[in-house]
Structure formats: structure tokens, C-alpha cells
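These notes are about the structure you will find just below.
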There are 2 protein chains.
Amino acid sequence: MVKKRELIGQTQSKIFEAATEVFEEKGYTGARMQEIADRAGINKALLHYYFRTKDQLFMAVFHVLLKKMFEKILSIFMEEATFKEKMRRFLDEHIEFLIRNPKLPIFLLNEISRNPAMAEGLKETLQYAQLRDLIYETHSKELKGYGIKKNDMPQLMITIVGMSVFPVAARDMMAIMMPQMNDTRKFNAFMQERKEFAAGFVMTALKNRKK
Amino acid sequence: MVKKRELIGQTQSKIFEAATEVFEEKGYTGARMQEIADRAGINKALLHYYFRTKDQLFMAVFHVLLKKMFEKILSIFMEEATFKEKMRRFLDEHIEFLIRNPKLPIFLLNEISRNPAMAEGLKETLQYAQLRDLIYETHSKELKGYGIKKNDMPQLMITIVGMSVFPVAARDMMAIMMPQMNDTRKFNAFMQERKEFAAGFVMTALKNRKK
DNA sequence: TTTAATTTTGACCAATTAGTTAAATCATTT
DNA sequence: AAATGATTTAACTAATTGGTCAAAATTAAA
């Protein structure tokens, strides 16, 4: 009978989920401990019992979300496949991920820009040195042939990631000029089309480069 | 001797500039009226004398910044030129603009997502219907020839805007994996290179589309 | 069943926050 | 220079906020 343990887990999970919701919606400065407690269906004092301060609770949530985002981006590029295959899989899976987590990009961009030091801890967790090596390996094996200079690899990577992330981050801004984006069904359809559009766009741009 | 008028203007300007700084850095929820007053070198009561509430002050700043951003994006596409020329000019000028206003993208994305209704007022100010017509005109005149479907115009426009905006918004996030981006000189150099990279990338992708 | 430990709560506190007020200062007009 | 109106200030208020505490309730161990 591990009832108690389960309950601990339940309460802590409820808090964590509520905190994730509120922080994603309102950001650190806009979030209120009271609202997190309310959404978790508990007392505010209990919040401080499990997570001593707002900062601690926030950091716990932030790190999970940051890792979630980066792991999704990195894991695919780590796989053994051609650049083209990796890029297609990345766009497919990452866009699916973003449709399920539409508030994540703005939240992360905003919080990291508010305090860049917060992301420090992640450098070790995600073996980014390993990824950097892999990117340059991909370059010398495949992309050199496309006329991409080693120097341009950051440009290319940012472009690909931006293809999926930017529309999600800028959705409400786009909606000023394209009101159809306010309709979530239509926006999701737009993102579905984007998988093919982006992959085709990048591959065409690469294949036909002047070398 | 319009000394007093000048002074009014001076004080109001000082407040407005200070508010712009603080709101851009901290966002609405993170900004403090006291800090704005301090940076403007005045009393907090004087802040409320010129702008009755935090909301009013924020809205004043927000609208100016939102308009600034959109005017920069739109004005170029309104000009009489080929799509290729417009795109090049857009990337050149917009990237210059973003280098001078690096905090603007995240600020706007964040605040609009926090409260999309805030941007409503802009629809009329920027004749966006006019722009939409122009975009579809550009499509039927030029882009159809590139194998771009009318349906894909939003995809293309978002891609181009994202090319310039995303790296600026995501700079600190990129810096987790590319520490060189922490160096502003290097980041600005990256953005300078991006003018050519992005323009070439898009044009190559367009020219070689299967139709 | 009794005891001990853990979890949950209501009531409270100190600090911070946006906003107010009445008086003082300054500039302009007469 | 006196009166008038606009600008600036110091001191204050009411509400909100993150955080605490001691007691109550619940669970686990004896």
C-alpha cells in the first residue's frame, strides 16, 4: 500500500502541471503563486511546502521545458541518416511537437532573453559539443557538395529551426495581417502544409546553389 | 520664448524614452513605474501626471513600437519593384533595423501573445487590405512563374520575415549552442552575412521549383 | 491503539506595487 | 509684482504579492 507516496506524487504533479500552465501563459513576472495554487486545487502554503520559493518552482518548470524543446530538436539531428532525411524528420516531428506545445517557443525565448544565465545549466546536459561536431561532419560529408561553406552552417541551421518555430511564435502577430490564423484549425492546417513547404524549400535552395 | 512647452515636451519625451526602455527590457508585467520614473530622472507622481495609469503609458509605447515594426516591414513591399528587388531591400533594411532594435521582436511577440486584442487597433492604421491585394498581385504577376501556388503565399511571406526576425528573437537561445553569439560584434556580423544568405537562399529556392 | 512523522490548512506578515493628494515651485499673463 | 495656471514633489494609501507559522488533519510505524 504505497498510497502516501502516490499522493505525494499526485500533489507534486498537480502543482507542477499547474505551474507549467501558468508560467507558460503569463511568464515568470506575470505568474502568481496564488493562481498556481488555485489551478492545482491546493493551498498556497502547500505550494511553498513543496517548492520553497517562486524561483525554485519556476526553475524546475523552466528546466523541464527547455530540455523538452532542445531534446526534440537535437535527438533527430543525432540520428544516422542523410541530411535530407534528417531535415524532413525534424520538420515533421518538430512541427507536430509545436502544434501540441504552441506556447512553448515564446515562453522560452522570453525567459531566456530575460535572464540568459538561466540556460547555462543546459550546456552540459545536452552534449552540445557532440552536436556541433556532428553538424560539421554533416557539412564536410554532404553539404559541402551543395556549395554550403562551413562558415554558413549556423545560417542554415537557424534557417531550418526558424522555419518551424517562427510561425508558432509569431502566430498572433501574423494574425494581425492574416485573420485566418486566429482560427486554430486553420493555423494547424497551415503548420501541416509547412512540413512539406519548408522541406521542399530548403532542399531546392540547397540543390541549386552556385558553388 | 516657448520654454515651458519645450520643457513639457522634454519631460514627456524623457518619460516616453525611459518607458520604452523598461517595457522592452522587462515586458508589461515585469516593468515597474518606479524604475521608469528613476530612468527618466523624475518623480513617480509626475509619471501619473503625464500618463494616468501604467496601462495608458504601456499602450502608448506599445502602439508606437508595433507601428514602427510593421511600417518597416510593409513600406518596402508596397514599393514599385520586382519581387526579387523588394525582397533584397527588405532583408537589407529590416536586418539593419533589427540590429538597432534587437529587443523589439521578443517584446512584441510576447506582449501580443499575452493579449492579442491589443493589436486590433493597428489593422486600420496599416492598410493591410491594400497589402494583401499587393501580395496576391505580386503572386499572379511574378511568383506564379516560380511555381508558387496562391495558397502558398502566406508560407513564403512568413518564411522571408522569419529569416530576419527569428535569429534576433532567438539569439540568446542560439547562444546556448553557439556561444559566439553572445559576442554582439560576432552576432551583428552574423546578421550582416544573413542579408546575402537569406536573399540567395530564397531566390534559389524559388527559381528551381518544380512547377 | 498509541506514537511519530508527514501533509495540509487558515491566518498572518512584511515588502512591494500602482496610484492619490495636497502643497510647493515654476512660468506666464496682467 | 500679483495673480493665474501648469508642473513637480514628498508623503501617503489601498491592494497585491511572496512567503511564514503554528495548529490541524492525515498517514505510517510502534
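Lettering follows sequence order; numbering is per chain, from 1. Both backbone and side-chain heavy atoms feed into the values below; hydrogens, waters and symmetry mates do not.
- Atom C1' of nucleotide C:dT8 and atom CG of A:L47 are separated by 12 Å, given to the nearest angstrom.
- Taking the six-membered ring for Trp, A:F107 and A:F23 have ring centres at least 6.0 Å apart.
- Set against D:dA10, C:dA18, C:dT9, the side chain of B:A45 has D:dA10 as its closest nucleotide.
- Between A:I15 atom CD1 and C:dT7 atom P the separation is 11 Å, expressed in whole Å.
- Interface remark: the B:K54 side chain does not form any donor-acceptor pair with the C:dG19 base, using a distance-only criterion of under 3.5 Å.
- Neither OP1 nor OP2 of D:dG19 sits under 4.0 Å from any side-chain N or O of A:R52.
- In this model, the phosphate group of D:dT8 is approached by a side-chain N or O of B:T11 to a distance below 4.0 Å at OP1 or OP2.
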| request: May I have the step-by-step check of side-chain contact (heavy atoms from CB on, under 4.5 Å) for B:I112 and B:L66, ending in yes or no? | output: CA-CA 10 Å; B:I112 294 174; B:L66 185 62; 3.7 Å; yes
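- For A:M33, taking side-chain heavy atoms from C-beta onward, the closest of the listed nucleotides C:dT8, D:dG19, C:dG19 is D:dG19.
- Ion pairing of B:E196 with B:R88 is present here, as a side-chain N (NZ or NE/NH1/NH2) and a carboxylate O approach within less than 4.0 Å.
- Of all nucleotides listed (D:dT7, D:dG19, C:dT8), C:dT8 comes nearest to the side chain of A:Y49.
- Looking at the side chain of B:Y50, the nearest of the listed nucleotides C:dA18, D:dT17, D:dT7 is D:dT7.
- Minimum atom distance to the side chain of A:N43 is reached by C:dT9, of the listed D:dG19, C:dT9, D:dA10.
- Here the P atom of nucleotide D:dT17 and the CG atom of A:D55 are 17 Å apart, to the nearest Å.
- A salt bridge links B:E111 with B:R114: the closest approach of a Lys/Arg side-chain nitrogen to an acidic carboxylate oxygen falls below 4.0 angstrom.
- In this structure, B:K86 does not pair ionically with B:E79, as no charged nitrogen and carboxylate oxygen lie closer than 4.0 Å.
- Summarising the geometry, the separation between NE2 on B:H48 and P on D:dT13 is reported as 17 Å, rounded to the nearest angstrom.
- Atom CG of A:L46 is separated from atom C1' of D:dC21 by 14 Å (rounded to the nearest Å).
- A:L57 places its CG atom 12 Å from the C1' atom of D:dG18, with the value rounded to the nearest Å.
- Between the CZ atom of B:F51 and the C1' atom of C:dT20 there is a distance of 19 Å, given to the nearest Å.
- At the heavy-atom level, A:A37 lies nowhere under 4.0 Å from the strands shown.
- Atom CD of A:Q34 and atom P of C:dG10 are 11 Å apart (whole Å).
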